There are 2 protein chains.
Amino acid sequence: MSEGPPAGPKGWAEIAEEARRRIYVRDWAPGQVIPSEEALAVEFGVARATVNRALRALAEEGWVERRRRAGTRVAERPVRRATFSIPLIRDEVEQLGRGYRYAMQSCEEVDTPGEIATRLAMQGEPRVLRITALHRGDGWAYAWEERWINPGVVPEARGVDWRIESPNEWLLAQVPYTEVAVSVGAEAASEEVAGAFLCEPGTPLLSLERTTWSGQWGVTFVRLSYAPGHRMWSRM
Amino acid sequence: MSEGPPAGPKGWAEIAEEARRRIYVRDWAPGQVIPSEEALAVEFGVARATVNRALRALAEEGWVERRRRAGTRVAERPVRRATFSIPLIRDEVEQLGRGYRYAMQSCEEVDTPGEIATRLAMQGEPRVLRITALHRGDGWAYAWEERWINPGVVPEARGVDWRIESPNEWLLAQVPYTEVAVSVGAEAASEEVAGAFLCEPGTPLLSLERTTWSGQWGVTFVRLSYAPGHRMWSRM
DNA sequence: TAGTGGTCTAGACCACCAG
DNA sequence: TGGTGGTCTAGACCACTAT
């Protein structure tokens with residue numbers, strides 16, 4: 001009973017899948033060097049570029065580490081990466097099937113606090129725009145926004161009516177940005193924020209801070225405080 | 001005064017950089033379709049595969065959206081992705097230059113709480129291992145771990161001395177996993193955890209929850225509570 | 001149906017670095 | 001210094017989908 005040609009992996013995705021399987025069953029053990037691209041290309045009957053594509057994907061996923069001359073080895077400590085997508089809050093809310101509403105809470109131009117000056121690397125611009133706003137989904141408070149804008153970089157921001165414009169969406173449309181730094185942490189709800197969320201002051205809230213740069217210029221810093229119990233999810 | 005040939009972008013990385021620049025200066029405006037790979041290949045004097053590599057990178061970064069036939073267009077709403085690396089806590093602590101220490105706090109086999117049974121999709125295995133532990137850096141509490149292990153998938157876990165073995169490191173070495181779900185949120189410190197962190201009960205803590213799967217089997221669920229003020233950082 | 005991106009090939013040269 | 005991965009090329013076929 002002869003069998004047809006073995007249905008081996010065909011494209012780079014299938015080859016990557018086969019490689020994951022071999023790692024999974026310890027066929028390729030942690031720390032071990034796996035065969036070279038050339039050897040695998042021969043084994044699978046594909047071009048080396050195809051194997052390269054597959055192994056590059058595995059490396060990005062953290063399964064293997066690759067170095068010239070040293071070859072490709074299975075990661076001992078797979079440093080997993082969790083990727084969270086950070087859409088506009090409007091999109092986030094609407095994707096939940098809820099009606100989105102934005103409401104400015106306050107808007108003022110103030111002397112730049114030291115912390116903000118540092119974060120935005122501000123020089124010579126002693127004043128900064130501070131806006132607070134509430135994002136609602138179906139009437140319920142979804143996230144509280146505390147926004148700082150550097151008018152030295154975006155002078156037009158001074159003329160905007162923030163009761164109508166949502167800072168994030170306005171800035172996105174106006175200012176190109178090159179770099180973004182994000183962090184997440186836990187904070188206690190202030191009196192003001194607790195009022196919006198109808199919770200006790202001191203309630204733990206997930207906070208997301210984001211600093212946005214346009215070249216070397218700090219454009220804006222925002223702290224988003226999500227409703228109590230909110231979690232950010234990632235699937236790897 | 002004739003000039004030499006213009007020093008255009010050479011490799012895929014430089015072409016990607018040039019494309020980012022064009023998006024940045026609104027040369028390619030949001031929502032607009034950019035030239036085809038073929039056209040760009042001609043413009044830059046490279047093979048189409050090289051342009052493809054560059055644009056694929058931009059798509060992964062969220063700058064452009066690509067669809068066959070429809071072409072490549074600049075994203076209207078760049079859905080930014082924040083990637084956090086999640087190393088072993090040991091590595092995390094040691095990278096800060098601190099001395100790492102692990103200390104089990106409790107270990108018991110208990111009737112599976114409904115929440116855990118759901119998370120691990122447990123069937124027929126009414127008992128589960130629960131371990132709590134403290135991770136220290138230079139003697140200071142760094143993170144509190146509450147770990148649940150499904151002995152139906154990892155029966156050997158019952159025989160392990162968790163005063164010595166750190167669950168995460170042991171599991172990593174023992175059980176191959178295929179899928180991981182991660183979430184972050186904010187929690188109030190319990191009495192027990194507050195004691196470890198020398199803070200008031202109710203203090204907001206960043207919590208990271210992770211469920212790990214091996215095929216269709218839920219292996220383990222862990223909740224890490226980080227010290228007050230801890231933040232996770234990502235640079236995009 | 002035609003045009004776009006997705007993928008693959010066979011070959012080539014190069015950068016890097018472990019031995 | 002040789003073997004490995006990183007990259008590029010010129011060409012080809014295919015999958016998808018806007019028109």
Side-chain angles (χ1 to χ4, degrees), chain A residues 5-20 22-23 27-76 78-79, chain B residues 5-20 22-23 27-76 78-79:
Chain A
K10 292 290 185 293
W12 70 266
E14 287 182 31
I15 289 173
E17 193 49 51
E18 168 64 11
R20 282 189 209 95
R22 292 185 183 183
I23 292 171
D27 206 359
W28 293 342
Q32 182 186 329
V33 175
I34 74 174
S36 72
E37 293 187 349
E38 178 60 30
L40 291 172
V42 171
E43 177 191 340
F44 294 130
V46 299
R48 183 167 79 89
T50 305
V51 175
N52 179 277
R53 181 87 159 83
L55 295 186
R56 204 152 32 78
L58 257 67
E60 281 170 11
E61 293 165 13
W63 291 105
V64 300
E65 292 160 359
R66 320 193 71 200
R67 285 214 313 269
R68 285 169 158 116
R69 167 64 185 171
T72 300
R73 66 179 59 233
V74 180
E76 296 261 16
V79 175
Chain B
K10 292 291 186 292
W12 71 266
E14 287 182 31
I15 289 174
E17 193 49 51
E18 168 65 10
R20 282 188 210 95
R22 293 185 183 185
I23 292 171
D27 206 1
W28 293 342
Q32 182 186 327
V33 175
I34 74 174
S36 72
E37 294 187 349
E38 177 60 31
L40 291 173
V42 172
E43 178 190 339
F44 294 129
V46 299
R48 184 166 78 89
T50 305
V51 175
N52 178 276
R53 181 87 157 84
L55 294 186
R56 201 152 33 79
L58 257 66
E60 282 170 10
E61 293 164 15
W63 291 106
V64 300
E65 292 160 359
R66 320 193 71 197
R67 286 214 312 270
R68 285 167 157 121
R69 167 65 185 172
T72 300
R73 67 178 61 232
V74 180
E76 296 262 17
V79 175

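Both backbone and side-chain heavy atoms feed into the values below; hydrogens, waters and symmetry mates do not. All chains are named by letter (A, B, ...) in the order of the sequence lines, taking the proteins before the strands, and each is independently numbered beginning at 1. The model shown is predicted, which means the values in this text are computed figures rather than measured ones.
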S.K.: Which of residues 62-73 of chain B sit near DNA chain D, with a heavy atom under 4.0 Å from it?
M.R.: B:R67, B:R68, B:R69, B:A70

S.K.: CZ/A:R48 to CG/A:L55 distance, rounded to the nearest 0.5 angstrom?
M.R.: 10.5 Å

S.K.: Any side-chain heavy atom of B:I15 sitting closer than 4.5 Å to one from B:E43?
M.R.: no

S.K.: Which of residues 35-43 of chain A have a heavy atom under 4.0 Å from DNA chain D?
M.R.: A:S36, A:E37

S.K.: Who passes side chain to side chain donor-acceptor pair (under 3.5 Å) against A:E61, sequence neighbours left out?
M.R.: A:R20, A:W63

S.K.: So B:R66 and B:N52, side chain to side chain contact (heavy atoms under 4.5 Å, CB included) or not? Walk me through it.
M.R.: CA-CA 11 Å; B:R66 320 193 71 197; B:N52 178 276; 3.9 Å; yes

S.K.: Within this structure, what is the CD-CD distance for the pair B:E76 and B:E65, rounded to the nearest 0.5 Å?
M.R.: 8.0 Å

S.K.: For residues B:A16 and B:A54, report the shortest heavy-atom separation together with the two atoms involved.
M.R.: N-CB, 3.7 Å

S.K.: Hey, where on DNA chain C does chain B first and last touch, going 5' to 3'? Cut-off is any atom under 4.0 Å from a heavy atom.
M.R.: C:dA2 to C:dT7

S.K.: Closest heavy-atom contact between A:G62 and A:A75?
M.R.: O-CB, 3.6 Å

S.K.: Heavy-atom contacts under 4.0 Å between residues 45-52 of chain A and DNA chain D, which residues?
M.R.: A:R48, A:N52

S.K.: Nearest 0.5 Å, what's the CD-CG distance between A:E17 and A:L58?
M.R.: 9.0 Å

S.K.: So for atom CZ, which belongs to A:R22, do other residues, nucleotides or ligands contribute more than 12 heavy atoms lying within a distance under 6.0 Å?
M.R.: yes

S.K.: A:I23 versus A:I34: any side-chain heavy-atom pair under 4.5 Å?
M.R.: no

S.K.: For A:W28, give me all partners under ring-ring contact (aromatic ring centres under 6.0 Å, His included), at least two apart in sequence or on another chain.
M.R.: none

S.K.: Kindly determine whether B:E60 and A:R56 satisfy salt bridge (charged side-chain N to carboxylate O under 4.0 Å, His left out), including the steps that lead there.
M.R.: CA-CA 14 Å; B:E60 282 170 10; A:R56 204 152 32 78; over 6 Å; no

